[in-house]
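Each remark here refers to the structure printed beneath this line.
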Amino acid sequence: MHVLGIAAQFANDVILVFSLAGRLLEANERFYDLYGYRHDDVADITLSDIRSLSCMDSVPADLKRAEDEGGVTFETEHRRKDGSVFPVEVSSRVVEIKGTRCAVSIVRDITEMKAAAARIAGMNCLFQTVTAAHQALLHSSSDDEVFAGICSVATAFGLKMAWVGLVDGNEVTPVRWSGNGSEYLAGIMIRVDPDDPRSWGPTGKAIRLGVPVVCNDFQNDPQTAPWHERGRAYGWGASAAFPLFRRSRTCGAFTIYSDRPDFFGPDEVNLLEDLAGNISFRLDQIDIRNENRELEGILQKSLQSLLDVNIELERFAEIYSHDLQEPVRNVVSFTQFLERRLSGKLDAETQSLLKTIVEAAMRIRQLNFDLLEFSRSRHSQTALACVDSETAVQYACGELETSLEQAGGQIRLHQPLPQVLGNEAELRQVFINLLSNAIKFASPMRPLTIDVSATPESGGWHFTIQDNGIGIEDQYLDKVFTVFFRLHALPEYPGSGVGLAITRKIIDRHDGRIWIESRYGVGTSVHFWLHAVK
């Protein structure tokens, strides 16, 4: 029976004509090319000869469906003459040809389509795996969480098995694993010594060379030879090992297995290599975080030690200053008593010596008083409220009225002076300290003038106390706030060198800033900034 025309003979798809009993009646040229038969073989071929053994049982049912329904389309597997199997899509229709009912089938080889679909499914699985792995990395805070997370998500989305091995000396020790076949890791021996055959496998090689190692035919690849038997037992078709790094040094490998040979193409390898790089980056982050925590702990202990020492020093200074007041008072009192008792009986030199003793004792007394005040200023709490700065300046001017008259100077207020957030008593002390310094260091070359002003700045007030005194040399501007620091000898300019140190402590407690600008021989400007009242 010849029913196929010339067009059908040379069609790209296979066209077959079968009797309803399953015997091949006619085939086009594409059949012979694809199935490997000769033209004179046709008479002996049945439908069972071209079906794969696994699909043989469905032959009668497929013929019956084609007859009952008039036409069917389905996928199955066919077998070539040499026994090789390939997937096909079959479209069959029952027709009557020259009085005989026959099944005409169009058969299309869908090997490439199936491979493409499998590749798409594999990539989709891999994308899901990598996405889930990155999410797991973001929420991992320890090595174990990192390794457990990536192994778990790898097998959750279709990979057969995944495990992480870390280098331990000359061996690779499995630390986390998941999936079908992970029990094979028990007792496994993988080394990183290039002279040891147990280091020639994918994992050992990836660690040794620091590059991905892919085996797309796990059952036959020579480098997986020691594990072929286990691989067959667990259905592994392909494997890939990716090195993990810590601080730029190889520390282990992430190894995964698929049940499909040729699973790891270039795109899959690139995707998984990026994942391995992110795993390594996360391990570095964990190391850095742990080191920072350790350093923070050390720093906290150091700070606590410094705080304890500082508190002890403050207590010592307070106790020392307080306890020294009584013996100093006794020195002054008994020296003065001695002067009165021996009045008229002492020569001028002895009287001068007694006067010097009293003055020295008084200076010691003042130093101790200032030390006590400075110690208290360091740890006392400051209650802040709305304070009228002009009232505080006027109070300071009243306290310094006598000193100002003796210096022959004047204090000029550039109104209006604002209300600020502060402590009234402490701000009075600030103005007393700064104005008394300006009076103390007046220039003998000109009448003293002191200008007090304030301008709004950055949500607060910028105060300036400017004088035309003797000024400060540039190299000393950073030192004037140091406690007990003095620029001048006592006989010329009295004082303990504590006033500016206390002033800075007060401004600091107000969350403000203080600084000095000066020109030697011209004058000094003290600036400080305080918060405005909201």
Side-chain angles (χ1 to χ4, degrees), residues 1-124 216-220 232 235 237-238 258-263 265:
M1 178 184 293
H2 296 286
V3 298
L4 299 179
I6 294 176
Q9 285 291 344
F10 297 100
N12 288 328
D13 291 328
V14 173
I15 301 177
L16 304 174
V17 180
F18 282 97
S19 69
L20 294 185
R23 188 173 67 84
L24 181 62
L25 301 176
E26 191 173 354
N28 69 347
E29 292 298 322
R30 177 62 177 150
F31 168 77
Y32 300 107
D33 294 337
L34 182 60
Y35 287 78
Y37 286 98
R38 299 192 307 271
H39 286 76
D40 54 6
D41 292 330
V42 171
D44 299 323
I45 297 174
T46 65
L47 183 57
S48 298
D49 293 321
I50 64 173
R51 277 289 180 95
S52 69
L53 297 178
S54 61
C55 299
M56 194 73 72
D57 294 342
S58 64
V59 170
D62 290 339
L63 286 172
K64 188 174 188 311
R65 282 176 56 211
E67 186 173 11
D68 293 344
E69 300 175 17
V72 293
T73 299
F74 58 92
E75 291 184 7
T76 185
E77 287 184 344
H78 277 190
R79 177 163 44 101
R80 297 183 180 89
K81 186 177 181 179
D82 61 9
S84 61
V85 174
F86 61 101
V88 294
E89 180 187 75
V90 179
S91 295
S92 290
R93 180 173 294 276
V94 175
V95 297
E96 185 172 322
I97 302 175
K98 298 179 180 182
T100 304
R101 292 175 62 78
C102 303
V104 178
S105 298
I106 299 175
V107 181
R108 176 168 295 174
D109 181 358
I110 57 173
T111 300
E112 292 184 2
M113 186 181 73
K114 284 286 188 181
R119 181 171 173 76
I120 292 171
M123 283 297 293
N124 183 56
N216 268 321
D217 185 6
F218 190 92
Q219 305 295 334
N220 300 298
R232 281 191 290 273
S258 171
D259 58 359
R260 184 165 62 85
D262 298 317
F263 179 82

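Remark: Glu96 CD is packed, more than 12 non-hydrogen atoms of other residues, nucleotides or ligands lying under 6.0 Å away. In the displayed structure, Arg108 atom CZ is contacted under 6.0 Å by at most 12 heavy atoms of other residues, nucleotides or ligands. Sparse packing is recorded around CG of Asn12, with 12 or fewer heavy atoms of other residues, nucleotides or ligands lying under 6.0 Å away. When the shell of 6.0 Å around CZ of Arg93 is examined, it contains 12 or fewer heavy atoms from other residues, nucleotides or ligands. For CD1 of Ile106, the number of neighbouring non-hydrogen atoms (other residues, nucleotides, ligands) closer than 6.0 Å is 12 at most.
In this structure, Asp33 has no side-chain hydrogen bond (donor to acceptor under 3.5 Å, both in side chains) partners at least two apart in sequence or on a different chain. The side-chain hydrogen bond (donor to acceptor under 3.5 Å, both in side chains) search around Asp262 returns none, not counting sequence neighbours. Qualifying side-chain hydrogen bond (donor to acceptor under 3.5 Å, both in side chains) partners for Thr73, counting only residues two or more places apart in sequence or in other chains: Ser91. When the ring-ring contact (aromatic ring centres under 6.0 Å, His included) test is applied to Tyr35, the partners found at least two apart in sequence or on another chain are Phe31, His78, Phe86. Tyr32 meets the ring-ring contact (aromatic ring centres under 6.0 Å, His included) test with His39; sequence neighbours excluded.
What you find for Pro87 and Asp109 is that their closest heavy atoms are O-OD1, 3.4 Å. Considering every non-hydrogen atom in both Leu47 and Val59, the closest pair reads CD2-CG1, 3.4 Å. Phe18 and Thr46 make their closest contact through CE2-C, 4.0 Å (heavy atoms, listed as atom of the first residue, atom of the second, distance). When all heavy atoms of Val14 and Asn28 are compared, the closest pair comes out as CA-OD1, 3.7 Å.
For residues 36-60, the salt bridge (Lys or Arg N to Asp or Glu O under 4.0 Å) pairs, not counting sequence neighbours, are Arg38-Asp40, Arg38-Asp41, Asp41-Lys81, Arg51-Asp62.
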Test side chain to side chain contact (heavy atoms under 4.5 Å, CB included) applied to Glu26 and Gln9, step by step: CA-CA 10 Å; Glu26 191 173 354; Gln9 285 291 344; 3.7 Å; yes
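Rounding to the nearest 0.5 Å places NZ of Lys114 at 9.0 Å from CD of Glu77. How far NZ of Lys64 is from CG of Leu20: 12.0 Å, rounded to the nearest 0.5 Å. Atom CZ of residue Phe74 and atom OG of residue Ser92 lie 5.0 Å apart, to the nearest 0.5 angstrom. Summarising the geometry, atom CG belonging to Leu24 is positioned 9.5 Å from atom OG belonging to Ser105; distances are rounded to the nearest 0.5 Å.
Judged by distance alone, the side chains of Ser19 and Arg23 never bring a donor and an acceptor atom under 3.5 Å apart.
In terms of modelled atom types and a separation under 3.5 Å, the side chain of Arg260 and the main chain of Ala238 share no donor-acceptor contact. Asp259 contributes no side-chain N or O that, together with a main-chain N or O of Gly235, makes up a donor-acceptor pair within less than 3.5 Å. Side-chain N or O atoms of Asp217 include none that pairs as donor or acceptor with a backbone N or O of Gly237 at under 3.5 Å.
Side-chain contact between Ile50 and Arg79 is absent, with no heavy-atom pair separated by less than 4.5 Å.
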